[in-house]
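Just so it is clear: chains get the letters A, B, ... in the order the sequence lines come, proteins before strands, and each one is counted from 1.
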Number of protein chains: 2
Amino acid sequence: MDTLETRELRYFVAVAEELHFGRAAERLGMAQPPLSRAIQQLERRLGVCLLQRNRRGVRLTGAGEVLLHEGRAALDATVAAARRTRRAGGADSPGGPRNRLVLAVKAAASHELLRKLLDAYAAEPDSAEIEVLPCGICEQEELLRDGRADVALMHTPWNSLAGFDSEALTTEGQVAVLPAGHPLTARETLSLADVRDVPDLPLARWPTHGTYAPGPGPEIHNQTQLAQLIALGRTVAVVPDSARSWLWAEHTAVPLTDAPPVVTHIAWPAHSRSLALAGLVRTAARL
Amino acid sequence: MDTLETRELRYFVAVAEELHFGRAAERLGMAQPPLSRAIQQLERRLGVCLLQRNRRGVRLTGAGEVLLHEGRAALDATVAAARRTRRAGGADSPGGPRNRLVLAVKAAASHELLRKLLDAYAAEPDSAEIEVLPCGICEQEELLRDGRADVALMHTPWNSLAGFDSEALTTEGQVAVLPAGHPLTARETLSLADVRDVPDLPLARWPTHGTYAPGPGPEIHNQTQLAQLIALGRTVAVVPDSARSWLWAEHTAVPLTDAPPVVTHIAWPAHSRSLALAGLVRTAARL
DNA sequence: TCCTGTCATACCTGCCAGGTATCACCGCGT
DNA sequence: ACGCGGTGATACCTGGCAGGTATGACAGGA
């Protein structure tokens, strides 16, 4: 009577994202009419108008926006359930599942810490196998939510810890990375204002949740690309202290006095009850 | 292909909870054979054995336990989606939905704070209507998760904030509530050890998530009952400072030196994006 | 005014969810 | 040893609904 089926949520989210029945149907691999009908049924069952059909496109109502957000969360939870169940599948005897844990890490971030963590955890008795899943800049939240990962290393203020349990591991300052020999490298320290408006060196832009903030600087996709652009004297970047480990000879790092500190956390879905995860977190907290 | 339907999750959770196909089918209002078949299909689709069918009952495998936990979370998320969408339904124009917020509060806890919060929020411009939903001792988490409530007042260390966003509002100490005239009331302060083992006054037990820890003291269901039992000289209780407001003449409160402080939080689902909620939280943080 | 793009309607069909009847199997009493 | 009760699995059928095709209604633009 009043329970939404996953299928209906999938359909609605597709339509709400495309704002176009035809394209949504194509994306779902079905014809448009049954999709229209399914959405109508959904609206009737909920007793709520979700979409405002003006000829020439579709708009979300307030209730539609709510269902889009809540429905996405619910869909994530269901695919996470399927994935985690499959993952737990191989080992079976209730005694020793010998779980695998998938750990999501921003590529090249917190490398030292990660190495220490993996070594320390492997030395524990009964440690599970850890699969390291390298991911993009802000992808960890999504990976945890949809079950592709069980635990992640996150970095505030870039990642949001909302909805996860977490434990802070380390705090570090940030540095400006400049081309070696640039006039600013003569200074002992810099402020954010100093590097934000260098005329010849626009500040590099990282994607936040897949999109780039507008600005003059180049759009950076990975660390190597960034290193190269800095070495070529085309840009300047603000990165955590620990990034010094991958700097080149053509780079110079200058500490920033007023950049927000970067805190590395280990984070996991709040409802998690895995013993292996608990062990990993305990190990991390002791580092 | 690989997406779990809500129906399948409902079925599996029922079987996993009952550990009995017949009873689960009855609970679901269906016959047993289709249920058996549905679970088999689920196992085949996931490629995982979820249940160990020993004649004479059923047991969960490791993967089954994972799916039970994750599936419950996913089901909660879907019913929450439906409920919140319905609730957002009445008002429609994208401009002013005039939302209602449902606020879950442990009955009689933080009464003063709640009054101040409601008054302050009502005085705000554009404040939404707040429906106060009184609930049991540890029910708030469940209400938030399945969408019956949008926001709650919680009290650590009793409530867990895992999976929610929250803002701490007040901190208070705890007091021991004794029958007036009891020898211990002569003391200025007490320690937990003092009240834990009073021979004639066993410590009252509150339910935690629906179950009572074992112990000698009486099982308390509500505050009136507790007040009466203390007044009759049958038990002693440890309660937050603010509970002094409902004490009787036959009660005496003595501060405890080593009880953990009680922190009142306002908490809400981490992914919430409601403007009305944001306003309420802002008001609360300013109190 | 036609044409185009959009969503809704009408109607049909095949599949699958669910029901009934029954089986296979085990434990347990006598 | 034998039947009996209780368990989950199998076989088979059927109705409803998900999904497809064809087409309509309607708005906006040239």
task = Send over the distance from B/F21 CZ to C/dC26 P, rounded to a whole Å.
result = 17 Å

remark   = A/L28 atom CG is separated from D/dA18 atom P, nearest whole Å, by 15 Å

inquiry  = Please determine whether a side-chain nitrogen or oxygen atom of A/H20 lies at a distance below 4.0 Å from atom OP1 or OP2 of C/dC7.
reply    = yes

ask   = Between B/R7 and C/dG18, is there a side-chain N or O to OP1/OP2 distance below 4.0 Å?
value = yes

message = Heavy atoms from C-beta onward define the side chain here; which of D/dG8, C/dG19, C/dA10 lies closest to that of A/P33?
response = C/dA10

request  = Look at B/S36 and D/dA9 and indicate whether a side-chain polar atom (N or O) is within less than 4.0 Å of OP1 or OP2.
outcome  = yes

query = To the nearest Å, how far apart are B/R37 CZ and D/dC12 C1'?
reply = 10 Å

task = May I have the distance from B/R23 (atom CZ) to D/dG6 (atom P), rounded to whole angstrom?
result = 12 Å

ask   = Among side-chain atoms of A/E70 and B/H271, is any donor-acceptor pair under 3.5 angstrom?
value = yes

task = In whole angstrom, give the distance that lies between atom CZ of A/R44 and atom C1' of C/dA8.
result = 13 Å

message = OP1 or OP2 of D/dG20 versus the side-chain N and O atoms of A/Q32: is any pair under 4.0 Å?
response = no

Position toward the 5' end of DNA chain D (nearest nucleotide), A/Q41 or B/G22 = B/G22

inquiry  = On the nucleotide C/dT9, are OP1 or OP2 found under 4.0 Å from the side-chain N or O atoms that A/Q40 carries?
reply    = yes

ask   = Atom CG of B/L35 to atom C1' of C/dG18: distance rounded to whole Å?
value = 11 Å

query = Would you say the side-chain atoms of B/R45 pair up with the backbone N or O of B/T3, donor to acceptor, closer than 3.5 Å?
reply = yes

message = Measuring from atom CH2 of B/W268 to atom CD of B/E167, what distance do you get when rounded to the nearest 0.5 angstrom?
response = 5.5 Å

query = Using a cut-off of 4.0 Å on non-hydrogen atoms, how would the nucleic acid contact of B/E8 be classed: base, sugar-phosphate, or nothing?
reply = nothing

query = To the nearest angstrom, how far is A/M30 atom CE from D/dG19 atom P?
reply = 5 Å

request  = Taking only the side-chain nitrogens and oxygens of A/R53, find out if one of them lies under 4.0 Å from OP1 or OP2 of C/dA8.
outcome  = yes

message = Using a strict threshold of under 4.0 Å (side-chain N to carboxylate O), is an ion pair present between B/R148 and B/E142?
response = yes

ask   = Roughly how many Å is it from CD in B/E18 to P in D/dG6, rounded to a whole number?
value = 17 Å

note = Closest of D/dG19, D/dG8, C/dG18 to the B/V58 side chain is D/dG8

task = Start with the C-alpha distance between B/E17 and B/R27, add both sets of side-chain angles, then the distance that settles salt bridge (Lys or Arg N to Asp or Glu O under 4.0 Å), and finish with yes or no.
result = CA-CA 11 Å; B/E17 283 177 355; B/R27 200 175 103 184; 2.8 Å; yes

